[in-house]
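In what follows, a structure is listed as structure tokens, so that the remarks can point back to it.
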Amino acid sequence: MPPASPNSDPTQRTLGVVTATLLVVASMIGTGIFTTTGYMVRDVPSLPAILFAWVLGGIAALLGALAYAELAACMPRNGGEYHILSRLFHPAIGFTSAWVSLIVGFCAPIAATALAFAKYLETVIPGGYSKTAPFLSNEWVNNGIAIILVLVLTFIHLLHVAHGSRFQNLFTIFKVVLLSVLIIAGLSQGDLSRITDDVRPITAAILNPGFAFGLIFISYAYTGWNAAAYMAGEIREPRRNLPIALCLGTLIVTALFLGLNVVYLTAVPRADLAGVETVANTAIIGLFGAAAARWMTLLIVLGLVSMAGALIMTGSRVYETVGQDFRQLRWFALRRGRGGPHVALIVQAAVAVVMIVVGNLQILMAYVGFTLSLFSALAVCGVFVLRRRYPQSADAFRMPGYPLTPLLFILFTLWIVGMVIYREPNVAIAGLGTLAAGGALYVVLDRSPSHNDAE
């Protein structure tokens with residue numbers, strides 16, 4: 001086994017398997033599933049091919065979760081990729097991944113989720129924002145509501161870790177129940193012939209560049225399958241509970257995503273979904289009418305709250321771990337009482353607010369999907385390093401199907417990365433620029449000679 005991690009004190013482990021599982025679920029169910037299918041319908045000429053893309057995304061997420069389960073169970077410390085890559089490859093790679101986590105992994109998804117929250121909230125207000133705030137543009141109101149959501153959730157997690165966990169659990173359970181009811185009701189009302197009668201060749205659709213590019217958005221939608229790994233240092237019995245949380249949470253979400261997409265595609269004609277960002281609202285109106293849709297969409301709005309809260313909770317732990325390792329950034333590790341890392345939470349909120357003001361939902365999703373894919377693939381490569389360097393780690397969890405299963409995940413991810421470079425080079429340049437900035441920042445920081453560096 002690798003040497004004990006610096007913050008592996010069992011007295012700090014307060015989160016159980018239920019909270020860890022719900023954290024994964026909360027981190028995954030959000031902006032992507034409520035927007036992505038509209039982009040896919042616009043770009044992919046076959047509805048069965050769209051469902052197949054969601055199946056592929058679920059399989060890839062499960063393979064990634066299995067790999068992270070092995071890595072985090074062997075090295076149970078907060079930080080996710082930062083800790084894994086620092087231990088198995090080089091601190092520079094780990095630090096760059098932490099930088100990417102700050103900008104891309106959490107702040108950009110927090111901003112995107114808050115913006116989606118504001119967009120869906122508008123659909124349940126009679127007359128929309130233009131009627132309730134006639135002197136402000138819709139963009140201003142959207143941004144303002146998104147910013148308020150980020151600040152309120154950050155404040156909750158600043159107050160008390162346990163209170164934040166209970167808040168997350170409550171909203172996540174509510175969200176799962178809501179989506180399950182929506183799927184059951186939607187399947188009973190939808191027209192399955194819209195999918196079964198779609199005779200357009202699925203093979204040609206899969207080979208279409210739009211299919212491969214759509215996997216970027218699906219990859220973003222499934223982002224969060226590794227959430228429990230970021231909190232590994234605060235989870236009880238990590239060798240047992242981390243694999244359960246990562247894999248069970250991913251399976252639950254995959255089933256919900258497939259069910260929801262069947263509902264979307266059977267609710268209304270495909271022309272009504274093409275390019276629509278609030279695709280869930282459009283489907284609900286088609287199934288149940290405008291009056292019922294307003295209430296069900298309001299429940300979706302509340303469900304987005306749990307995703308934003310989960311991202312805020314897990315992201316701050318990455319920066320906290322960096323602060324424990326780097327003398328110049330030690331203020332990231334500061335906590336007050338029983339609250340979360342307050343400086344990390346405040347900085348994260350500030351960056352997310354900036355992204356809300358200057359960002360675009362679709363561009364943010366592509367940017368996140370591309371950049372995170374690089375580090376997810378690299379972390380999964382760590383399974384090969386772990387088994388070679390620490391063969392005695394066999395008493396911890398081991399992902400089944402090795403070496404084929406991690407290799408399939410890596411190939412799938414590289415396919416996505418290649419398509420972004422081909423289809424949206426500006427997004428790829430922005431992602432690679434973010435990596436370069438993180439690497440440059442590492443060069444100017446001196447590694448702290450404290451005991452925290454001993455690994």
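Since this is a predicted model, take the numbers as computed values, not measurements.
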Review point. Checking T413 side chain against F409 main chain: does a donor-acceptor pair fall under 3.5 Å?
Key: yes
Practice item. Start with the C-alpha gap between W225 and Y68, add the side-chain angles, then the distance that decides, and say whether ring-ring contact (aromatic ring centres under 6.0 Å, His included) holds. Key: CA-CA 9 Å; W225 48 261; Y68 272 61; 4.9 Å; yes
Point to revise | Whether Y120 side chain and A280 backbone form a donor-acceptor pair below 3.5 Å | key: yes
Check your understanding: Once you round to the nearest 0.5 Å, how far does CD of E81 lie from OG of S86?
Key -> 11.0 Å
Study note, to complete from the structure: Heavy-atom nearest pair, P91 first then Y442, reads CB-OH, 3.6 Å
Exercise for review: Taking the side chain as every heavy atom from C-beta outward, state whether C74 and Y390 have any pair of such atoms under 4.5 Å apart.
Suggested key: no
Exercise for review: Considering non-hydrogen atoms only, spot the tightest contact between V44 and A49 and give its length.
Suggested key: CG1-CB, 4.0 Å
Check your understanding: Would M28 and I252 count as a side chain to side chain contact (heavy atoms under 4.5 Å, CB included) if you check the C-alpha gap in whole Å, the side-chain angles of each, and the deciding distance to 0.1 Å?
Key -> CA-CA 10 Å; M28 295 178 72; I252 291 171; over 6 Å; no
Study note, to complete from the structure: Taken to the nearest 0.5 Å, the spacing of L62 CG from L251 CG works out to 5.0 Å
**Study point:** Stepwise side chain to side chain contact (heavy atoms under 4.5 Å, CB included) check, I285 with V268
**Key:** CA-CA 9 Å; I285 291 174; V268 294; over 6 Å; no
Check your understanding: Are the side chain of R330 and the backbone of G323 linked by a donor-acceptor contact shorter than 3.5 Å?
Key -> no
**Study point:** side chain to side chain contact (heavy atoms under 4.5 Å, CB included) assessment of N143 paired with L115
**Key:** CA-CA 7 Å; N143 290 350; L115 285 170; 3.5 Å; yes
Review point. How far does CG of L246 sit from CZ of F397, to the nearest 0.5 angstrom?
Key: 9.0 Å
Exercise for review: Quick one: closest heavy-atom pair of R236 and N241, and the distance?
Suggested key: O-ND2, 2.5 Å
Exercise for review: Could you pull out the closest heavy-atom pair between L215 and M40, with the gap in Å?
Suggested key: N-SD, 4.5 Å
Exercise for review: Taking all heavy atoms of A229 and all of A72, pick out the closest pair and write down the distance.
Suggested key: CB-CB, 4.1 Å
Practice item. Name the orientation class of the two ring planes belonging to W415 and F211 (parallel below 30°, tilted from 30 to 60°, perpendicular beyond 60°). Key: tilted
Point to revise | Aromatic ring proximity, centroids under 6.0 angstrom, F326 and F95 | key: yes
Practice item. Without swapping roles, check the side chain of T19 against the backbone of G16 for a donor-acceptor pair under 3.5 Å. Key: no
Practice item. Measure the OH-CZ distance between Y264 and F34 for me, rounded to the nearest 0.5 Å. Key: 5.5 Å
Practice item. State, yes or no, whether a side-chain contact exists between Y82 and D325 at a heavy-atom distance under 4.5 Å. Key: yes
Exercise for review: Hey, could you give me the CG/CG distance between L187 and L192, rounded to the nearest 0.5 Å?
Suggested key: 7.0 Å
Practice item. Kindly indicate whether the side chain of H83, heavy atoms from C-beta on, has any atom under 4.5 Å from the side chain of R317. Key: no
Review point. With ring centroids as reference points, do F257 and Y222 lie under 6.0 angstrom apart?
Key: yes
Practice item. Please report the shortest heavy-atom distance between Y220 and G32, naming the atom on each side. Key: CE2-N, 3.8 Å
**Study point:** Donor-acceptor pair between N261 and T37 side chains, under 3.5 angstrom
**Key:** yes
Point to revise | L287 side, atom CG; S188 side, atom OG - distance, nearest 0.5 Å | key: 8.5 Å
Review point. Just by distance, do the side chain of T154 and the backbone of L345 share a donor-acceptor pair under 3.5 Å?
Key: no
**Study point:** Criterion side chain to side chain contact (heavy atoms under 4.5 Å, CB included) on I410 and L414, from CA distance to verdict
**Key:** CA-CA 6 Å; I410 294 166; L414 291 178; 4.0 Å; yes
Check your understanding: Is the closest side-chain heavy-atom distance between T96 and L441 below 4.5 Å?
Key -> no
Practice item. Would you check if T35 and T278 make a side-chain contact, meaning some heavy-atom pair closer than 4.5 Å? Key: no
Exercise for review: Please confirm whether the backbone N or O of I33 pairs with a side-chain atom of T36, one donor and one acceptor, at under 3.5 Å?
Suggested key: no
Review point. Does the K175 side chain pair with the main chain of L304, one donor and one acceptor, at a distance under 3.5 Å?
Key: no
Practice item. Taking the side chain as every heavy atom from C-beta outward, state whether R398 and R387 have any pair of such atoms under 4.5 Å apart. Key: yes
Check your understanding: Have E70 and Y402 got a donor and an acceptor in their side chains that come within less than 3.5 Å?
Key -> no
Check your understanding: Can you tell me if T266 uses its side chain to pair, donor with acceptor, with the backbone of V263 under 3.5 Å?
Key -> yes
**Study point:** Non-hydrogen side-chain atoms of F106 and V100 separated by less than 4.5 Å
**Key:** no
Review point. Can you tell me if S316 uses its side chain to pair, donor with acceptor, with the backbone of M313 under 3.5 Å?
Key: yes
Check your understanding: Does the side chain of T405 reach to within under 4.5 Å of the side chain of L66, using non-hydrogen atoms?
Key -> no
Practice item. Determine yes or no for a side-chain-to-main-chain donor-acceptor pair under 3.5 angstrom, with Q348 supplying the side chain and I312 the backbone. Key: yes
